[in-house]
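Lettering follows sequence order; numbering is per chain, from 1.
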Amino acid sequence: MVPPLFPSEDGMTAILRLDHLSKSFGAVTVADALSYEVAQGEALGVIGPNGAGKTSMFNLITGTFGPDNGRVFFDGKDITNMSAAKRSHAGIARSFQVPQPFSGMTVFENAMIAATQSAGLHGHEAERFCLEVLEQTELLPKANVLAGSLTLLERKRLEMTRALCAKPKLLLLDEIAGGLTEAECKFLVQTIKDIHASGVAIIWIEHVVHALMAVVDRLIVIDFGKKIAEGEPQKIMESPEVKEIYLGIEADA
Amino acid sequence: MSLQNYSVTRSSKAARVAAVLGALCVILLISAPWWAGRAEMRLLGELFLYLALASLWNLMAGYAGLVSVGQQAFVGFGGYMLFALTMFGGLHPFAAIALAGVLGALVSVPVAVLIFRLRGAYFAIGTWVIAEVFRLGFAQVSALGGGSGSSLPMAIVKSLASKRDMREALSYWLALGAAVLVVTCVYLFLRSRQGLALTAIRDNELAAKSLGIDIWRTKFTVYVVTSALTAMIGALIFLQKLRISPDAAFSVNDWTAFVIFIVVIGGIGTIEGPIIGTLVFFALRETLADLGTIYLIVLGIVAIVVMLKAPKGIWGLIRTRFDLQLFPLGYRVIAPKDDKEA
Amino acid sequence: MDWVNAIVQGTLLGGLYALFAAGLSLIFGVMRLVNIAHGDLIVMAAYLGLTVTATVGLHPLAALAIVVPAMALIGYVLQRGLLNQTLGEDLLPPLLVTFGLSVILQNGLLEVYTADPQKMDAGALETASIAMGGLTLGVLPVLTFAIAVAVIWALQWTFYHTAVGRAFRAVSDNQDIAQLMGLNRRHVFGLAMALALGVTAIAGILLGIRTSFDPSIGGGRLIFGFEAVIIGGLGNLWGTLAGGVILGIAQTVGAKIDPGFQILAGHLAFLIILAIRPNGLFPRIAA
Amino acid sequence: MPEPILNIQGLKAFYGDFQALYGVDMYIEPGEVLAIIGANGAGKTTLMRSVTGLLSNGPGQIHFQGNDISQLRADEVAMQGLAMVPEGRQLFPSLTVKENLMIGAQVGRQGPWNLDAVYRLFPILEERKDQASTSLSGGQQQMVAIGRALMANPDLIMFDEISLGLAPIVIKDIYAALPGIINGGMSAIIVEQDIAQALKVSSRVYCLQEGRVSLEGASDKVSREEISRAYFGIE
Amino acid sequence: ATPTLRVGHVSPRTGPLAGFAEADDFVLAGIEKAFAGGIENNGKSWNIEIISKDSQSNPNRAAEVAADLILGDEVDIIVAASTPDTVNPVSDQAEVNEVPCITTDCPWQPYFFGRNGVPGEGFASTYHFFWGLEDVIGAFLDMWGKSGVAKTVGGLFPNDADGNAWGHPELGLPKPLAAEGYNLIDPGRYQPLSDDFSNYIAAFKDAGCEIVTGNMIPPDFATFWSQAAQQGFNPKVVTIGKALLFPSVIESLGERGDGLSSEVWWSPNHPFASSLDGSSAKDLAEGYTAASNRPWTQPIGFKHALFEVVADVARRADDLEDPEAIVAAIQGTNLDTIVGNVNWANGPINNVTKTPLVAGQWQKDGDAFDLKIVANSAASDIPLTGDLKFLA
Ligand SMILES: Nc1ncnc2c1ncn2[C@@H]1O[C@H](COP(=O)(O)OP(=O)(O)OP(=O)(O)O)[C@@H](O)[C@H]1O
Ligand SMILES: Nc1ncnc2c1ncn2[C@@H]1O[C@H](COP(=O)(O)OP(=O)(O)OP(=O)(O)O)[C@@H](O)[C@H]1O
Ligand SMILES: [Mg+2]
Ligand SMILES: [Mg+2]
């Protein structure tokens, strides 16, 4: 048996490993020697103040832009110099914080693009799969609607739908719970739990911490592009450092 | 409500009717040599070639976002290849037209690698420079007449068919065939997986990239295929013109400006647009061409007004009004009857 | 010496190309508008100059006093009346509208002035020369080059040392926020186009003295202008001058190798630079 | 009750097909500091863009000092005395610090704020006045953005995400400067993610949720529960 | 009713070649008057209708309007004049559509070889009359030889049909010039409408050229000529084909027009008369000056002669309904026209026949410029009217 390339601490194989990733835009550092790994099927939560570099970290993982330094490994391969398209084929899918729908196409066609291009499905099989995912994300009634005319909530669902239609091994979710009602939020948490249960690894950036806590196995905190804390969710949230930097509520709350 | 009852369709009633009417139209047009005069056939032949050029330009600009004002490079290249291959290679004109397409594809590869470095409007200018380089380059080839150009020897023209009537019918059918071929190819391409990817790129490059679409390669493919077909159309055009010269072969007005106007007026980014645009363009031309320059001024004004007031062109207006699509590209989910909300 | 001569003559020619390009560079810098009709506007300026010299009997250089403000006014009206409506995310509208404008201008000029080539008569200036270190230089090309340097210096100064220049830069950086500062971007764009066409007027008149023109030559001049802008680096005015000079030298040196290469050599120089430095030689650092 | 300086009624806003605001009602009285809170994407920035004329509005939806400004262009609104410190600072990168400030005076309104006054408020800016604005730290950039808005001598100043992306220490400095900024009777609207901070400096607060006002009240009266309900919409 | 013979006419009325067509209206008016009573053919009277179209000096456009005339207007004969850029595309369309075609105003080599003509085979429907490069070379050498100027010649040939023919190493100027002991400096073919000629000027200066020759369009010559002065190049003799044909061009050069020389295909002093109305060359030229207030130009004679040939063919053809009969009539032409004898039996090559050529110099005569004929050894029936003078 070939030994796993990136054994993580608990012995599971890492699906993703960041190795001292750094990136800056002029004076702004968005990633500062960022290292961590995600195990197969793990759900990792990411929090941090606005502008800390969370979305940028996703951009580095998906290949939207390349790092100045450091490497990214996915599923046993060094993907640092791989194009965004190839990474998608390899099994990384994301939802965008600012939704990026194909506005001139219908919801169903948006889903079809993910299914045919990224997941490589064909014809009838692709169509059926998209219908299934749309049902799961409750967008089926909107299947024939142009994506450009969806409401914010529906756009966020579309983001999720597309990511799922790509049949990913690693799903990156960027603030999908913001602005949801409690009921919607519960439904979302359930959906993500289901996805997680099906064996997909997840990294979830979220400011709605209680939703995050309900799903993730582990939490990391990022500030100024640096990982400043990592560990068991409950513990992390209670650390005074996180309270100050993230919640900004100092000791008074 | 069960998912099994949902179905997905890619056609519509309007489209089926249009397909039947279209087929009838094509059959009628095939028979034109038996009922139309020489002048009409020449006009129709020209119309078909413009339709083909317009559909190709629309694929590039309207779908792949490659706004080129240098397509004359490939029109002229194809024309020159026809002359060179028949005169020096001794090929039959048909073989030369096909080979012109292959060669067009080959030269478009390095061209694409170079000008894909430019974005937006600068890409447009880059393509124009390339066309100028082609023009000046061919002007240096003295075997093809240099700057003065060359006539197609009568022997080659006669090798098509010895009788004039037959030659004229043949070149008419070639033009018709080219138009039908190009429109069909564009349609099938856009319905394919690649076509879906192309439309996605047009809507949102960032999202397309992250969904596994290789943007550079998709655009590159479109560029190469378009160039190849454009070169073949170019060869056909100069088979009709009989004489080629750098200025005529690489004319930006004739092979690009008019084509752009056709697409804009008809409706950019739709398959129907170029067809409507070509009809409107030729209608304008036949009624106003005697006014000479005034006609071109009118054309320019029409294009500007359309661009500002109805950026989706005539077909765009029709489509928003009647929700009509003659060449259905999209998917429609059909909900089960009892499921009213879909 | 021949090569030196070719390079010197090319440099002087480059001055003219830089003038073609300066207006383009300016409006691209301020509003990201690529004006396909620019070449035809140059030709239109030349015709305006011709009309002024013919009707008023002025020397072509004196005609600048009328043509420059006239073109500036045309620029302002054109921008506010038409081009402002095309600006936005989508690149097709400005491209196609200026393309349409180009066709209208070309044929409008054809209608008014016919296709006959014209030339402006600048009298003794056309043939005057000065000897310099074994080379004989035409006064007109030297003057053209000097004007190009002066114009670019003046544009640069306007850009960096005046309120209007500050407004140009602010609007070019961020239209929305500039609006919040009370800058009406439509007006600012109008001013930029006016300035650009003022420069175009100078370019047109110098072109019309140097060589003959007809309504169809705008396209070629547009290409030279664009090449100079791209070679120099987008939005960099001194770079544009350098781009013009490189183009001019490529042409004269190319012509020295074989006269048939004159224009081709310029295009090839452009393509080579594009292959090596896609952002031009001196790009303004991306904001 | 004094006449509100800004009065918003039934404001709707769209990005293409997408509706971002669904009939927002809001007012602010002269000299008042108003806080707007809400989750990401709730529509706070959109609201400000509508008010400043960057988004086009239907008629009669926004009145400023009694005039209907709903359909004015942004530069015309600015002339009326309404200034904004935009989200993410948005300095003009090709202008120096001083030029950025001077551009703010473009509207030509007279008042207490001029270059010297801004330099007095933020002395560091005078030291850096000829530097490229992009070379400043985030906090200094925020100072320039604030100074730039003040240079217009506005009657109402709006801060969008005043502390976004700033280190806590810088945020403290900025808030320390706030009273000095609005002492001369200027009204202010503050959009802030940090709820505690927002409540501390404001007299009234609005919470937006999905393009609608979900809570309105005096800052010292609203409870945590009300806020979190308004924020996330617990039904 | 009287049947109508339709004649299509393609001419560059606008564009850089417009000078060639400036007298079109005058000539056509005269011709229409001559045709007013119709033409007698086989005892039957025919009306002649002339349909004239503008090529805008653009070969592409010339082909288009020729095709329009042939297919749209269904003309029976098509005629064209003025440089290969007009003549060749029109002839090609006529050839493929099997319509009889007569052309002129273009040296026969660019006409014949530029269309890929095969000596011994020629063309089926298209016929041409003018002179050839051998004639222009003879006339130039004749003129230069008498003057005693140094035998170093600068050549200016554009990359167009005329330029390529004139500069052609075998068919053009280089070979005969060398044979006569001239040293030709030929840097290569430039693109028409160039902005810069400094390389030519430098090369000519270095070689010490005293003569400049070539074939140019007027705007290029104007650019060259002012740059030559700017860069201190002052040749003694400048003999340029095409560009210097027209008095308007010479006048636009001001003082610097004085002393330039050119080929002369036709002048009021040519001892020929019209077969249509018997008027002399002088009558025709003066008629134009009277009608237009402009000086005469050389193409007037040829444009007139073109229609003389049409009229002659229309009279003689066995059957005006049959294109082949018209072609046969063209082939059998033997007509003394206002530009000399036109007879395709005497041609240097199939489908071509020649008219005489001399050389002349523009000399200031009081206020106006006059084209003096200064060399005539190939056509001594055309009298000399002056002597070659060197440029200042
Ligand atoms: N392409 C870019 N060029 C320049 N700066 C950038 C770029 N992308 C991001 N930044 C900057 O990097 C910083 C980090 O941005 P990022 O979007 O990663 O933050 P974030 O942690 O996702 O914040 P939020 O919680 O607000 O979404 C910000 O200051 C942003 O302005
Ligand atoms: N230019 C735009 N085009 C399309 N949609 C937009 C645009 N700008 C904002 N939106 C959408 O409008 C909604 C409201 O956005 P807005 O920026 O006003 O929110 P916000 O409350 O300021 O959020 P944040 O806290 O992130 O700044 C969001 O759903 C956003 O995605
Ligand atoms: Mg983010
Ligand atoms: Mg906001």
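- In this structure, Leu136(B) CG and His267(C) NE2 are separated by 5.5 Å, a value rounded to the nearest 0.5 Å.
- For the pair Ile125(B) and Glu227(C), the minimum side-chain heavy-atom distance is 4.5 Å or more.
- Looking at Leu105(C), there are no atoms closer than 4.5 Å to chain B (heavy atoms on both sides), in backbone or side chain.
- Only the side chain of Val264(B) comes within contact range of chain C, with at least one heavy atom under 4.5 Å from a heavy atom of that chain.
- The distance from atom OG of Ser102(C) to atom CG of Asn253(B), rounded to the nearest 0.5 Å, is 7.5 Å.
- With a threshold of 4.5 angstrom between heavy atoms, Tyr295(B) does not approach chain C through any atom at all.
- Of all non-hydrogen atoms in Gln140(B) and Gly260(C), the two that sit nearest each other are NE2-O, 3.2 Å.
- In this structure, Val103(C) and Ile297(B) have side chains that are not in contact, with every pair of non-hydrogen atoms separated by 4.5 Å or more.
- Atom CD1 of Ile263(C) and atom CD of Glu132(B) lie 8.0 Å apart (nearest 0.5 Å).
- Trp128(B) contributes atom CH2, which lies 5.0 Å from atom CG of Leu222(C) (distance to the nearest 0.5 angstrom).
- Taking CZ of Arg117(B) as the start and CD1 of Ile276(C) as the end, the distance is 9.0 Å to the nearest 0.5 Å.
- For the atom pair CD1 (Ile104(C)) and CD1 (Ile304(B)), the distance works out to 4.0 Å, reported to the nearest 0.5 Å.
- Of the two parts of Ile230(C), only the side chain, counted from C-beta on, holds a non-hydrogen atom closer than 4.5 Å to a non-hydrogen atom of chain B.
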Mind running side chain to side chain contact (heavy atoms under 4.5 Å, CB included) on Thr86(C) and Met307(B) for me, showing each step along the way?
CA-CA 9 Å; Thr86(C) 68; Met307(B) 197 69 234; over 6 Å; no
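- Put simply, of Gly219(C), Gly108(C), Ser216(C), Gly100(C), the one with the most heavy-atom pairs under 4.5 Å next to chain B is Gly100(C).
- When heavy atoms are compared at a cutoff of 4.5 Å, Ile223(C) approaches chain B solely by way of its side chain, counted from C-beta outward.
- Counting heavy atoms from C-beta on, the side chains of Leu299(B) and Asn107(C) never come closer than 4.5 Å.
- Residue contact with chain C, scored on non-hydrogen atoms closer than 4.5 Å, is absent for Val113(B).
- Residue contact with chain C, scored on non-hydrogen atoms closer than 4.5 Å, involves the backbone and the side chain of Leu296(B) alike.
- The minimum heavy-atom distance linking Leu274(C) with Leu114(B) is given by the pair CD2-O, 4.1 Å.
- No other option in Ala257(B), Ala303(B), Pro311(B) has as many heavy-atom pairs under 4.5 Å with chain C as Ala257(B).
- At a 4.5 Å heavy-atom cutoff, Leu33(C) makes no contact with chain B through either its backbone or its side chain.
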